[in-house]
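Accompanying notes for the structure given below.
Heavy atoms only: backbone and side chains are in, while hydrogens, waters and symmetry mates are out.
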Amino acid sequence: MLIGVLGGGQLGMMTAQAGVKLGHTFRFLDSAPDSPARVAGELQVGDFTDTDALRRFARGLGVVTWEFENVPCSAVQVLSRSVTAYPGIALLEIAQDRLSEKTAFREIGLAPARHLPVSSLHDLRDAVSDMGVPCILKTRRMGYDGKGQFLIRSRDDIDTAWKEIGQSQELILEGFVEFEREVSLIACRAKGGAGVGTGLGAGARSAGDVERGSGGRGIAFYPMPTNVHRAGILRVSRVGEGAEIEPELEHAARAAVEKLMVGMDYVGVLTVEFFVVKKLDGGRALIANEMAPRVHNSGHWSIEGSHASQFENHCRAITGMELGSAALVHPAAAMVNIVGAAPRAEDVQRVPGAYLHLYGKEPREGRKLGHITLVGSREQVESGLSSLRGIPGTVIE
Ligand code: AMP
């Protein structure tokens with residue numbers, strides 16, 4: 001099947017690299033001629049707002065998806081007239097607005113951070129009085145990797161925060177969550193919620209425990225990674241034994257995400273990011289931060305770490321195939337992002353169990369250039385992380 005992908009970034013590239021192994025071909029739409037995904041399919045250079053470009057893009061497609069959640073909903077609407085679009089516009093619209101996202105979290109039983117909508121400097125002053133400091137002012141739309149955010153440490157920061165991001169007028173003030181760690185849940189739902197876990201996926205290397213990576217109602221749940229961010233950018237994900245996820249938290253996250261996916265008849269990969277907070281009684285609770293209706297950076301380890309990666313399962317779901325198992329192949333895995341500067345390949349290759357993925361992007365400050373996956377026992381993964389510490393582009397904690 002010819003699959004159309006809105007966006008030609010690394011997520012699109014890795015989706016196609018998984019999808020071609022299932023016999024699919026890919027066409028990407030992106031305004032940048034040097035988009036990473038150009039190596040994995042046909043790249044149409046064009047704008048998401050150009051209706052003629054969208055019509056040309058749609059020609060011959062079996063299905064369309066996106067790798068970038070800020071793709072205009074208008075583009076998806078135009079394409080939907082002639083081709084099926086998955087995961088579906090309903091959740092895309094919700095995920096594009098931090099306020100409606102938080103309302104959706106509440107509806108499925110997840111607690112969001114305390115928040116107040118802000119649309120003027122006057123509102124902001126009132127909201128900061130109400131919320132207390134520290135708090136974070138965020139744009140409701142188009143924020144990613146910590147962009148469009150301002151940490152307000154004291155009331156003296158209010159004017160600067162407004163100058164920095166107030167011009168968007170659609171803002172949200174969030175209480176600062178004193179979290180213990182950050183985690184995410186990546187799940188993939190099959191079309192019609194059927195047929196999960198009967199196959200290992202194209203990436204399967206051993207018979208393993210298929211069921212462990214699967215859920216009821218046609219959803220493959222990946223084991224939850226623990227994620228470390230710096231300046232709003234993901235730096236390291238650990239999964240499996242090294243992630244130390246409390247089973248009750250994983251259970252609660254899965255139940256909520258299942259509710260959302262089933263309720264919306266969602267098809268494909270959905271990611272929800274959470275903060276883990278310590279409760280007064282010493283237990284732990286989840287605060288939902290944001291969701292992405294697409295494959296996600298905190299799931300990159302699944303390429304080598306799971307029987308079927310998030311990319312493979314997304315392709316399987318949107319083309320009506322059975323899903324593969326999301327279970328881990330090894331007891332542990334980790335992913336290290338390469339940001340701003342690329343390491344020498346030799347420095348990664350000499351680390352046992354390490355796989356280097358580069359996206360063919362020009363180095364630039366704050367830009368994700370690639371990632372490294374580590375798989376093995378928990379000790380092997382931690383020892384690999386220690387060996388990689390200090391190489392260019394990485395921050396390993
Ligand atoms: P976001 O774009 O909302 O995912 O934010 C990027 C990162 O900033 C998160 O992964 C956290 O590390 C941090 N962050 C965002 N919102 C909050 C908050 N309300 N409290 C504490 N840290 C936050």
Out of curiosity, Ile372 CD1 to Ile338 CD1, how far, rounded to the nearest 0.5 Å?
-> 4.0 Å
Just wondering, do Trp66 and Phe48 contact through their side chains at under 4.5 Å, heavy atoms?
-> no
Among the clusters formed by ILVMFWY side chains lying less than 4.5 Å apart, do Val45 and Leu54 turn up in the same one?
-> no
Is it possible for you to say whether Val277 and Ile245 belong to one hydrophobic cluster, with membership spreading through side-chain heavy-atom contacts below 4.5 Å?
-> no
State, with a plain yes or no, whether a side-chain heavy atom of His307 is found less than 4.5 Å away from one of Val329.
-> yes
Flag, side chain of Glu67 to backbone of Gly9, donor-acceptor distance under 3.5 Å = yes
Residues Glu246 and Arg181 bridged, charged N to O under 4.0 Å | yes
Any side-chain donor near an acceptor of the partner, His296 and Ser298, under 3.5 Å | yes
Ser387 OG to Ile396 CD1 distance, which is reported to the nearest 0.5 Å | 9.0 Å
Do any N or O atoms from the side chain of Ser302 and from the backbone of Ser309 form a donor-acceptor pair under 3.5 angstrom?
-> no
For residues Ala317 and Arg189, report the shortest heavy-atom separation together with the two atoms involved.
-> CB-O, 3.4 Å
Under the ring pair (Phe, Tyr, Trp, His ring centres under 6.0 Å) test, which residues partner Phe311, sequence neighbours left out?
-> His300
Distance-only side-chain donor-acceptor flag, His357 / Glu304, under 3.5 Å | yes
According to the interplanar angle, ranging from 0 to 90°, do the rings of Phe26 and Phe28 count as parallel (below 30°), tilted (30 to 60°) or perpendicular (above 60°)?
-> parallel
Please list, one pair per line, the donor and acceptor atoms closer than 3.5 Å that link side chains of residues 70-78 to other protein atoms, with sequence neighbours excluded.
none

Quick one: do the Asp47 and Ser31 side chains pair a donor with an acceptor below 3.5 Å?
-> no
Set of residues satisfying ring pair (Phe, Tyr, Trp, His ring centres under 6.0 Å) with respect to Tyr86, sequence neighbours excluded | none
Are any side-chain N or O atoms of Arg27 and backbone N or O atoms of Arg59, one a donor and one an acceptor, separated by less than 3.5 Å?
-> yes
Is there a side-chain contact between Arg238 and Leu385 (heavy atoms, below 4.5 Å)?
-> yes
Side-chain contact test, heavy atoms from C-beta onward, threshold under 4.5 Å: evaluate it for Ile318 versus Ile3 and give yes or no.
-> yes
With a 4.0 Å cut-off, would you call Arg367 and Glu362 a salt bridge?
-> no
For the pair Lys21 and Glu312, find out whether any cationic side-chain nitrogen is under 4.0 Å from an anionic carboxylate oxygen.
-> no
So CD of Glu273 and CG of Asn289: to nearest 0.5 Å the spacing works out to 6.0 Å
Should the pair Phe275 and Phe179 be assigned to parallel (<30°), tilted (30 to 60°) or perpendicular (>60°) ring geometry?
-> parallel
Can Asp97 and Lys102 be counted as an ion pair, charged N to O under 4.0 angstrom?
-> no
Asp130 side-chain N/O to Asp126 backbone N/O, donor-acceptor pair under 3.5 Å | no
Ignoring hydrogens and geometry, is there a side-chain-to-backbone donor-acceptor pair from Asn227 to Ser237 under 3.5 Å?
-> no
Hydrophobic cluster partners of Leu151 (side-chain heavy atoms under 4.5 Å) = Ile136, Phe176
Close side-chain approach of Tyr222 and Asn313, heavy atoms under 4.5 Å = yes
Do Gln10 and His371 have side chains that get closer than 4.5 Å, going by heavy atoms?
-> no
Can you check whether Gln96's main-chain N or O pairs, donor with acceptor, with Glu101's side chain at less than 3.5 Å?
-> no
Distance, nearest 0.5 Å, that separates CG of Leu286 from CD of Glu248 | 9.5 Å
With a cut-off of 3.5 Å and sequence neighbours excluded, list every side-chain donor-acceptor pair involving residues 160-167.
from	atom 1	to	atom 2	distance (Å)
Gln167	NE2	Glu164	O	3.3

Same cluster (ILVMFWY, side-chain, under 4.5 Å), Val348 and Trp301 | no
Run the salt-bridge test on Lys138 and Glu174 with the 4.0 Å N-O cut-off and return the result as yes or no.
-> yes
Go through the side-chain N and O atoms of Ser129 and Arg155 and say whether any donor and acceptor fall under 3.5 Å apart.
-> yes
Lys191: salt bridge (charged side-chain N to carboxylate O under 4.0 Å, His left out) partners, not counting sequence neighbours | none
